[in-house]
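Reading through the structure tokens given below for one structure.
For reference, positions follow the sequence shown, starting with 1. All heavy atoms count here, side chains included; hydrogens, waters and symmetry mates do not.
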Amino acid sequence: MTAPTTFTVALANETATAHLMADLALLVGPGDVITLSGDLGAGKTAAARAMIRYLADDPALEVPSPTFTLAQSYDLPFPIVHADLYRINDSSELEEIGLSPLPEGTLALIEWPERAPDALPDDRIDIAFSHRPALGSTARAAEITGYGRAAAQVTRLRVLRKFLGDAGFLNAGRERMPGDASTRSYARLIRDDGTSILMNSPRRPDGPAIYNGKSYSAAVHLAEDVKPFVAIDNGLRAHGFSAPAIRHADLDSGFLITEDFGSAGVVEGDPPRPIVECYEAATDMLAELHRKALPETAPLEPLGPYQIPVYDIDTWLVEISLMLEWYLPDRGAEVSQQRRDEFTTMWRTLLEKPAAAPRTWVMRDFHSPNIIWLGDRTGILRVGIIDFQDAVLGPAAYDLVSLLQDARLDVPEQLELTLLTRYIKARRAADSQFDPAGFAELYAIMSAQRNTRLLGTFARLNRRDGKPQYLRHQPRIWTYLTRSLAHPALAAFRAWYAANVPPPVP
């Protein structure tokens, strides 16, 4: 059994308590349990309130003490229950208030845990508050202990606090930022001299080693730590593109403080739609990137050059296998082994064309959520790029597909064709040997590959990771897939999909 991990934080006032709880909120999530102990008036409720307000991104949110209600629930980025056990006699009463067992998929904040010690899970974080009157009337100490699996979270919290202190940001304000489909989390750090972004990127493989002895993330070259992000960031900036400056980094632990690009996006309206000027600039940025002779490595000091992985046929095949493994079962479709083998053989042959194409840096998720509009800059520098840690060496068509067939919003087909033509003209102007018809074929192939993978990815995010919100994108992905399958080079695939792959639920 994992030994408990403990460290103590001195808290001068409630602001310091709020900063501590915001830092902890960066590291916890659904299913975690945080117990808050200490005498009356020690600051338990203030701490719980600070975390709830941080997660709600609402510093004025009413968060009453649950002394009389016993348990108060909140539906924020994920469900939260805030409980006060002071008025119960023993753990047998917890069932009556819905706390035995603790609700699944919920972050639990529990005051007075000593009233029901036998009901506490083995994996939990305890924060014991105590007065420090010698340091001031509002001063507190927080002794933070991680039990079981939570010991690693407390260790990480200690490392984070040291990182922020060494960088001069321990007293900065914290503002929650939305996360993404990964294990990374973010906060905006606010000081008198401006704002910065804190990235928490823990090392974590994506799933068991079932792909020839590798996890899915390793098999398809997804970043398992923060080093690829730093290397590609350095490379993009060196080649004249707008990636955020990295101000402080702990490469081993996976903490970064970076330049804050703000929050101006490249879409508008409800439902969101592309801002044409922004999409034109992003298309031009890709054309400029792809015309360059880029190296196969990116700088990662002090570790030396980072070798960018190759986006090859085996990688693509693992990605599209997600459709067979996750999407088809979700749709109740049974595919025989013979059909599976046929599927793989067809794809392996088709993918020889993009595998033989000239290679460039492929960021893989170059679409609206990962592009910030920097309106105070000019030209392609207005395109702020913030997500590229999974970059690989592969065909230029892939990132253009990511942009023009945006998985998160509808890109009208006419706009897609207009921007595809704009890209081809820019490449042709820089290189008279550029082949428009050949590129259009690669675009269709990469579209079919990417959208096949996304159908499976979103099904997996729902079933494995408990993120059903991604299912709403599947009809859009199906529309894009249908567009790409109309290309003559994909006629056999069009027939195979029509026979074996049901459309998503509208």
Side-chain angles (χ1 to χ4, degrees), residues 105 181-182 206-212 214-220 222 311-354 364-365 367 398 401-402 405-411 413 443-506:
S182 74
D206 186 17
I210 59 176
Y211 299 93
N212 293 321
K214 297 179 179 179
S215 67
Y216 177 79
S217 55
V220 303
L222 299 181
Y311 212 17
D312 56 17
I313 292 176
D314 288 339
T315 304
W316 289 322
L317 289 175
V318 170
E319 288 186 328
I320 62 175
S321 72
L322 294 182
M323 188 187 75
L324 301 177
E325 297 169 14
W326 295 93
Y327 176 76
L328 292 183
D330 260 12
R331 300 296 296 117
E334 296 290 338
V335 180
S336 67
Q337 188 59 51
Q338 178 182 349
R339 287 290 192 181
R340 288 170 175 261
D341 293 343
E342 183 179 83
F343 176 82
T344 301
T345 300
M346 290 170 58
W347 268 112
R348 184 176 290 278
T349 300
L350 182 68
L351 290 169
E352 290 176 356
K353 288 186 177 180
R364 295 172 91 168
D365 279 324
H367 55 184
Y398 190 92
V401 170
S402 301
Q405 294 190 346
D406 194 316
R408 304 303 198 277
L409 61 91
D410 296 323
V411 178
E413 188 171 12
Y443 182 91
I445 294 171
M446 289 289 87
S447 166
Q449 190 277 339
R450 175 176 170 82
N451 290 307
T452 295
R453 190 263 296 176
L454 285 174
L455 286 176
T457 298
F458 291 160
R460 185 176 69 160
L461 283 168
N462 170 50
R463 181 173 293 188
R464 189 196 70 177
D465 301 337
K467 297 179 178 180
Q469 65 269 29
Y470 288 92
L471 294 180
R472 72 179 187 271
H473 301 306
Q474 285 185 334
R476 178 182 305 110
I477 298 305
W478 183 262
T479 298
Y480 293 146
L481 177 61
T482 302
R483 285 184 200 171
S484 63
L485 292 177
H487 192 282
L490 292 159
F493 289 82
R494 185 164 63 251
W496 194 96
Y497 279 61
N500 298 286
V501 185
V505 177

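If you check the side chains of E413 and Y480, you find no donor sitting under 3.5 Å from an acceptor. Side-chain contact, T315 with D312: a donor N or O sits under 3.5 Å from an acceptor N or O. Checking D341 against T345 by side-chain atom types alone, no donor-acceptor pair falls below 3.5 Å.
Put simply, the side chain of P354 does not reach to within 4.5 Å of the side chain of Y311, judged on heavy atoms. Counting only heavy atoms from C-beta outward, the side chains of R494 and T482 never approach each other to under 4.5 Å. Residues V401 and Y398 fail the side-chain proximity criterion, which asks for heavy atoms closer than 4.5 Å. In this structure, W316 and W347 have side chains that are not in contact, with every pair of non-hydrogen atoms separated by 4.5 Å or more. Side-chain contact between V505 and R331: present, with at least one pair of heavy atoms (C-beta onward) separated by less than 4.5 Å. In this structure, the side chains of R450 and S402 come closer than 4.5 Å at one or more pairs of heavy atoms.
A pairwise comparison of heavy atoms in Q405 and N451 identifies OE1-ND2, 2.9 Å as the closest pair. Residues V501 and W478 share a closest heavy-atom pair of O-CH2, 3.3 Å. Considering every non-hydrogen atom in both L490 and I445, the closest pair reads CD1-N, 4.3 Å. Looking at every heavy atom in both residues, A407 comes nearest to L454 through CB-CD1, 3.9 Å. A pairwise comparison of heavy atoms in Q449 and L351 identifies CG-CD2, 4.4 Å as the closest pair. When every heavy atom of A459 is checked against every heavy atom of L471, the shortest pair comes out as CA-CD2, 4.2 Å.
The main-chain N or O of Y327 is never found under 3.5 Å from a side-chain atom of R463 such that the two would form a donor-acceptor pair. Not a single donor-acceptor pair under 3.5 Å links the side chain of E319 to the backbone N or O of R453. Not one N or O on the side chain of Y443 forms a donor-acceptor pair closer than 3.5 Å with the backbone of S484. No donor-acceptor pair closer than 3.5 Å links the side chain of D465 to the backbone N or O of K467. Panel note: side chain R472, backbone Q469; a donor-acceptor pair is recorded below 3.5 Å.
Under the 30°/60° scheme for interplanar angles, the aromatic rings of Y497 and F493 are found to be tilted.
Residues meeting the ring pair (Phe, Tyr, Trp, His ring centres under 6.0 Å) test with F458, sequence neighbours left out: Y470, H473.
Here the rule is side chain to side chain contact (heavy atoms under 4.5 Å, CB included) with T452, and of I477, L322, L481 only L481 fits it.
F343 does not carry R348 over the face of its six-membered ring by the limits of under 6.0 Å from the centre and within 45° of the normal.
Atom CZ of R340 and atom CD of E325 lie 7.5 Å apart (nearest 0.5 Å). Here the CD atom belonging to Q337 is positioned 12.0 Å from the CD atom belonging to E342, to the nearest 0.5 angstrom.
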